[in-house]
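Single-structure report; data block below.
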Protein chains: 2
Amino acid sequence: MRLLLIEDEKELAIALSGALGKHGIVTDHTMHLADAVELTRQNVYDAILLDRRLPDGEGLTFIPELRRAGTDTPIIVLTARNEPMERVEGLNVGADDYLGKPFLVEELVARVRAVLRRPSSLAEPGIVAGRMMVDPLNLNVTIDSTPIDLPRRELLVLVALAKRKDKTVLRSTLEAAVYNYEEEIQSNALDAHISRLRKRLLDAGAGVAIHAIRGVGYLLREE
Amino acid sequence: MRLLLIEDEKELAIALSGALGKHGIVTDHTMHLADAVELTRQNVYDAILLDRRLPDGEGLTFIPELRRAGTDTPIIVLTARNEPMERVEGLNVGADDYLGKPFLVEELVARVRAVLRRPSSLAEPGIVAGRMMVDPLNLNVTIDSTPIDLPRRELLVLVALAKRKDKTVLRSTLEAAVYNYEEEIQSNALDAHISRLRKRLLDAGAGVAIHAIRGVGYLLREE
DNA sequence: CCGCGAAGATTGCAGCAGCATTGCGGAGCT
DNA sequence: AGCTCCGCAATGCTGCTGCAATCTTCGCGG
């Protein structure tokens with residue numbers, strides 16, 4: 001792990017570097033914002049520790065600058081001012097955390113780790129079939145990444161088929177996917193849905209075909 | 001944005017819910033850890049506010065439990081103890097932030113936003129749709145970079161839609177984005193919001209349309 | 001290869017569920 | 001007090017959806 005420390009008090013900086021080193025963290029140190037911009041351009045840091053009060057200006061002004069340059073490196077602001085309003089100010093311009101001096105090195109380490117743990121991007125699953133993409137969780141269907149809207153029952157049928165792409169889905173399974181126990185079905189409503197769904201998918205140019213398996217069920221495949 | 005507040009002091013909890021509400025944050029409240037586990041299972045919260053001292057135990061013990069259950073929802077610990085070592089302890093078991101009482105609501109909001117800021121989204125431009133730009137964190141909406149102000153509930157609906165631009169958003173999801181579980185809804189209030197929101201967006205000349213997906217939900221797209 | 005029956009496909013129709021709109025009044029804020 | 005927001009409900013309307021009638025396709029046996 002590698003940090004950039006922007007701090008003008010040389011002694012503190014050295015002490016901090018040493019302490020962080022014991023935690024297996026490599027620290028680059030600069031005293032000037034001007035250098036910092038250049039350093040972030042050339043190096044990849046896991047996080048930036050930023051002092052507010054610096055010889056060449058207010059540290060906070062550095063944050064928007066950095067963000068504008070496209071960096072998403074977490075920034076932890078270090079400061080003597082620890083009043084609530086001050087802290088709010090820091091967080092609002094895009095800092096990821098705010099730490100008032102004096103602090104324990106252990107706390108700093110813990111906060112760095114906490115900040116680094118955040119990236120929780122859950123991937124959208126989505127089933128691809130032909131030029132169509134089905135997201136069974138969110139009930140979205142897109143064709144060439146433009147959304148298609150389908151009536152509810154047809155949508156449910158399609159999702160059930162997509163979830164088992166290239167495999168036969170029993171008639172009864174499809175019915176269960178579309179209807180609950182109360183609403184029984186006494187006609188070929190399912191067939192009707194399939195028919196209308198086919199038409200809609202054809203018009204929309206999804207590259208898929210719904211194939212009937214006689215006496216068993218249906219099957220979705222690319223065409 | 002929706003938070004789960006785990007806090008046994010009822011008055012504080014109510015005050016906090018109200019204050020957060022003014023910032024456009026919907027808050028569910030529970031006093032017991034046991035309930036919290038169940039509530040988080042549905043995974044609809046953007047963040048969890050956790051008191052350390054709770055009737056049925058130390059709040060921190062909840063964190064590993066939650067993480068083990070696979071939740072990566074950010075957790076902010078609230079506590080009266082604000083000593084550095086205590087804070088380290090909290091961060092090390094997996095909390096994302098730590099806030100000592102008393103605190104300003106503004107600071108809490110700022111920290112929630114900081115925690116939610118995805119390192120992946122660089123510089124947070126917000127979501128662009130048509131000539132409209134939506135910042136889901138700060139709840140700003142601008143059209144041609146002039147800010148528009150919307151009633152709170154309509155704003156929340158719009159943000160929820162914008163976050164999933166071009167994708168269907170379930171009715172239930174929208175309701176969850178606007179109401180907490182106490183304030184149930186028994187009419188077409190959501191529809192009314194949509195209708196008024198449409199009108200406002202039309203008047204303002206946002207280049208977007210809110211499309212109804214019959215029986216499923218709504219969808220925001222550029223027009 | 002042909003014919004037949006059964007399963008599937010298609011489509012008009014009618015009923016109605018769900019959405020859109022809007023006025024009203026209460027509640028909350030300034 | 002004056003304002004906006006917001007929930008509620010009444011109204012109108014769109015189009016989904018179940019049904020059934022009719023046509024088509026499929027598979028099998030002769």
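Below, read A as the first sequence line, B as the second, and so on, with proteins coming before strands; counting in each chain starts at 1.
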- request: Please tell me if the side chains of A/L99 and A/L78 come closer than 4.5 Å, counting only heavy atoms from C-beta onward.
  value: yes
- request: For DNA chain D, find the residues of residues 189-208 of chain A with a heavy-atom distance under 4.0 Å and give them by number; none if there aren't any.
  value: A/A189, A/H193, A/R196, A/R200
Residues which pass salt bridge (charged side-chain N to carboxylate O under 4.0 Å, His left out) with B/D46, listed by chain and number, not counting sequence neighbours: none
4.5 Å side-chain heavy-atom contact, B/D97 and A/R111: yes
message: Contact between B/L5 and B/L20 at the side-chain level, heavy atoms closer than 4.5 Å - yes or no?
response: no
statement: Quick tally for nucleotides 25-30 of chain C: nucleotides whose base has a protein heavy atom under 4.0 Å get B, sugar-phosphate-only ones S, the rest -, giving ------
- prompt: Do B/P136 and B/I127 touch side chain to side chain, with heavy atoms closer than 4.5 Å?
  reply: yes
- prompt: Side chains of B/L201 and B/M132: closer than 4.5 Å at any heavy-atom pair?
  reply: yes
message: As a quick check of understanding, evaluate side chain to side chain contact (heavy atoms under 4.5 Å, CB included) for B/L161 and B/V208, giving each step before the final call.
response: CA-CA 11 Å; B/L161 287 171; B/V208 297; over 6 Å; no
message: In this structure, how many angstroms lie between the C1' atom of D/dG27 and the NE2 atom of A/H211, rounded?
response: 13 Å
- prompt: Which residues, if any, of residues 214-223 of chain A bring a heavy atom under 4.0 Å of DNA chain C?
  reply: A/R214, A/G215, A/Y218
field: Angle by which the axis turns from one end of the helix from C/dC1-D/dG30 to C/dT30-D/dA1 to the other, five pairs per end, to 10 degrees
entry: 50°
query: Does A/Y179 make a side-chain N or O approach to OP1 or OP2 of D/dT17 shorter than 4.0 Å?
result: no
side-chain hydrogen bond (donor to acceptor under 3.5 Å, both in side chains) contacts touching residues 211-223 of chain A (sequence neighbours left out): A/K165-A/E222
- prompt: How long is the line joining CD1 of A/I213 and C1' of C/dA6, in whole Å?
  reply: 17 Å
query: Between B/I148 and B/A204, which heavy-atom pair has the shortest distance, and what is it?
result: CD1-CB, 4.2 Å
- request: Specify the residues of residues 146-153 of chain B, ordered by number, for which at least one heavy atom lies under 4.0 angstrom from an atom of DNA chain C.
  value: none
Between the protein and nucleotides 21-23 of chain D, list every N/O to N/O distance that falls short of 3.5 Å.
from   : atom 1 : to     : atom 2 : distance (Å)
D/dA21 : N6     : A/N188 : ND2    : 3.3

message: Checking B/D35 now: which residues fulfil side chain to side chain donor-acceptor pair (under 3.5 Å) with it, not counting sequence neighbours?
response: B/T30
query: Can a side chain N or O of A/R171 be found less than 4.0 Å away from OP1 or OP2 on C/dA7?
result: no
- prompt: Between A/E154 (CD) and C/dA9 (P), how many Å, whole number?
  reply: 14 Å
message: Enumerate the salt bridge (charged side-chain N to carboxylate O under 4.0 Å, His left out) contacts for residues 142-152 of chain A, please, sequence neighbours excluded, ordered by first and then second residue.
response: A/R131-A/D144
task: Kindly write out the residues that satisfy side chain to side chain donor-acceptor pair (under 3.5 Å) with B/R196, not counting sequence neighbours, or none if the list is empty.
output: none
query: Side chains of B/L158 and B/V141: does their closest heavy-atom pair fall under 4.5 Å?
result: yes
query: Got a sec, which residues hit side chain to side chain donor-acceptor pair (under 3.5 Å) with B/H193, two or more places apart in sequence or on another chain?
result: B/Y179
task: Using atom CG of A/L174 as one end and atom C1' of C/dA7 as the other, report the distance to the nearest whole Å.
output: 16 Å
task: State, yes or no, whether a side-chain contact exists between B/L33 and B/L50 at a heavy-atom distance under 4.5 Å.
output: yes
- prompt: So do B/L16 and B/L108 actually touch side chain to side chain, heavy atoms under 4.5 Å?
  reply: yes
